[in-house]
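For reference, the structure is listed below as structure tokens.
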Amino acid sequence: MALLVSKFGGSSVASIAKIKHIANRIKSMQHKGDQMVVVVSAMGDTTDELITLASATGGELCGREMDMLLATGEQQSAALLALTLQNMGCDAISLTGWQAGISSDTSYSKARITGIDTTRIENELKQGNIVVIAGFQGLSSQGDITTLGRGGSDTTAVALAAKLKAERCLIFTDVEGVFTADPRIVKDARKLAKISYEEMLELASLGAVVLQPRAAEFAMLYNVDVEVLSSFSSNPGTIVTEVENMERQRVVSGIAHDRNCARFALFDVPDQPGIAKTLFKTLAEHNINVDMVIQSAMRDDINDIAFTIEENDLSRAVPVVQSLVEKICASGMFYGQDVAKVSIVGAGMQSNTGVAAAMFEALADENINIHMISTSEIKISTIIDEDQVETAVRALHSRFELDKE
Ligand code: ASP
Ligand code: MG
């Protein structure tokens, strides 16, 4: 008898009809004798609707009360799924994140899981229950409800799978798996049968929304076999696992893009030790994630510094950067949200030369200007104008022949 952790995303629980559909699927999986832990997201666009509701109060959209509010979305779907399962004759119980023993740190809206006490879950499983758990939430050491960042139910599921030593973590979603690029942009994008943890982590971090990056990180750290598959079909999905010798098979596995990017440029920054520290430490203290950074060559003891952040953080970041400009005696700043990030990811880059050149050539052929570049062993990212994203993704997909097996 295996223990399976399954997670159903918002689109899979968007209505009672859909909840009934997945309840049937869960019931048939349990009939094979498996112990079932099921993690759910909030129904459809509930989380976005709760944010809109909160914005009408005029209050701050982050902090304790926001997490208190957003966590209710997952509680609804967990209870509704448990009720549906019970009505179908299954023993089922729903648990909130804290009832399920999930502890987190205190960084509201981006909390990290710090531990899981699985006693309650294990007791419920022993009694024959399907255990339905509200994803995306934890309890801080101060006893307050926290949420784990957008898409955080994935992380709840993978963390539970790791802790419960589940045979596999099934991530049910509205697409059939991990694709070589967003199929809405590239018609001949292909579903990958397998992908390595490292590649999945890069793709997720670079904008492929199919799995929350932290979930990929957890899977890699604890060696959890994850399958990303569709709630609405019975086709096999994509297995995320340790893949040996992958690099011999393909140089580039996928193209990711992310429109949630904004950029800043600071002009005439004094070229002195400690300036970058002041800048980025202050941004970190305001919980603003900096992604790419470039510094121009020095001229007359000054240089320019440009960096990107998440577009969602832009309105909070502008006053912070404005005050930093004064503090570090820069001459001024510029910011904009008209940029996006397009990246290629592949384990095979480590052992192949000319990949960057091929990428830049494909972009140049489309007359796409590159504002920033960053690389790691298995990815190359570029910042380009947002209105050129689709052209770029298509050009790269065909340049690296990702439509072919
Ligand atoms: N409901 C949350 C969100 O929309 C968490 C999740 O779906 O995983 O981001
Ligand atoms: Mg943008």
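One-based numbering, in listed order, for ligands and for the atoms of each.
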Original post:
Of all residues at least two apart in sequence or in a different chain, which pass the side chain to side chain donor-acceptor pair (under 3.5 Å) check with H397?
Top reply: T180

For residues 366-375, which side-chain N or O atoms pair as donor and acceptor with protein atoms under 3.5 Å away, sequence neighbours left out?
from, atom 1, to, atom 2, distance (Å)
H371, NE2, D385, OD1, 2.7

**OP:** For the pair D48 and R150, find out whether any cationic side-chain nitrogen is under 4.0 Å from an anionic carboxylate oxygen.
**Re:** yes

Original post:
Who gets closest to atom 3 (C) of ligand 1 by heavy atom: Q212, K7, R150?
Top reply: R150

**OP:** Using heavy-atom distances, let me know which of G135, S153, A157 sits nearest atom 8 (O) of ligand 1.
**Re:** S153

**OP:** Could you tell me whether the side chain of Q137 and the main chain of A71 form a donor-acceptor pair under 3.5 Å?
**Re:** yes

Original post:
Ignoring hydrogens and geometry, is there a side-chain-to-backbone donor-acceptor pair from E124 to N129 under 3.5 Å?
Top reply: no

Original post:
What atoms of ligand 1 come closer than 4.0 angstrom to any heavy atom of G151?
Top reply: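 Those qualifying, in numeric order: 3 (C), 5 (C), 6 (C), 8 (O), 9 (O).
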
Original post:
Measuring from the heavy atoms of G10, does anything fall under 4.0 Å of ligand 1?
Top reply: no

Original post:
At the 4.0 Å heavy-atom cut-off, does G152 count as touching ligand 1?
Top reply: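 A heavy atom of G152 does come that close to ligand 1.
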
**OP:** Tell me which protein heavy atom sits closest to atom 7 (O) of ligand 1, plus the residue, atom name and distance to 0.1 Å.
**Re:**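 For this ligand atom, the closest protein heavy atom is S41 OG, 3.0 Å.
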
Original post:
What is the closest protein heavy atom to atom 1 (N) of ligand 1, and at what distance does it sit?
Top reply: E74 OE2, 2.6 Å

Original post:
Are side-chain heavy atoms of V393 and D182 found at a separation under 4.5 Å?
Top reply: no

Subject >> Distance-only N or O hit between ligand 1 and T47, under 3.5 Å >> reply: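 Among all N and O atoms of T47, at least one is under 3.5 Å from an N or O of ligand 1.
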
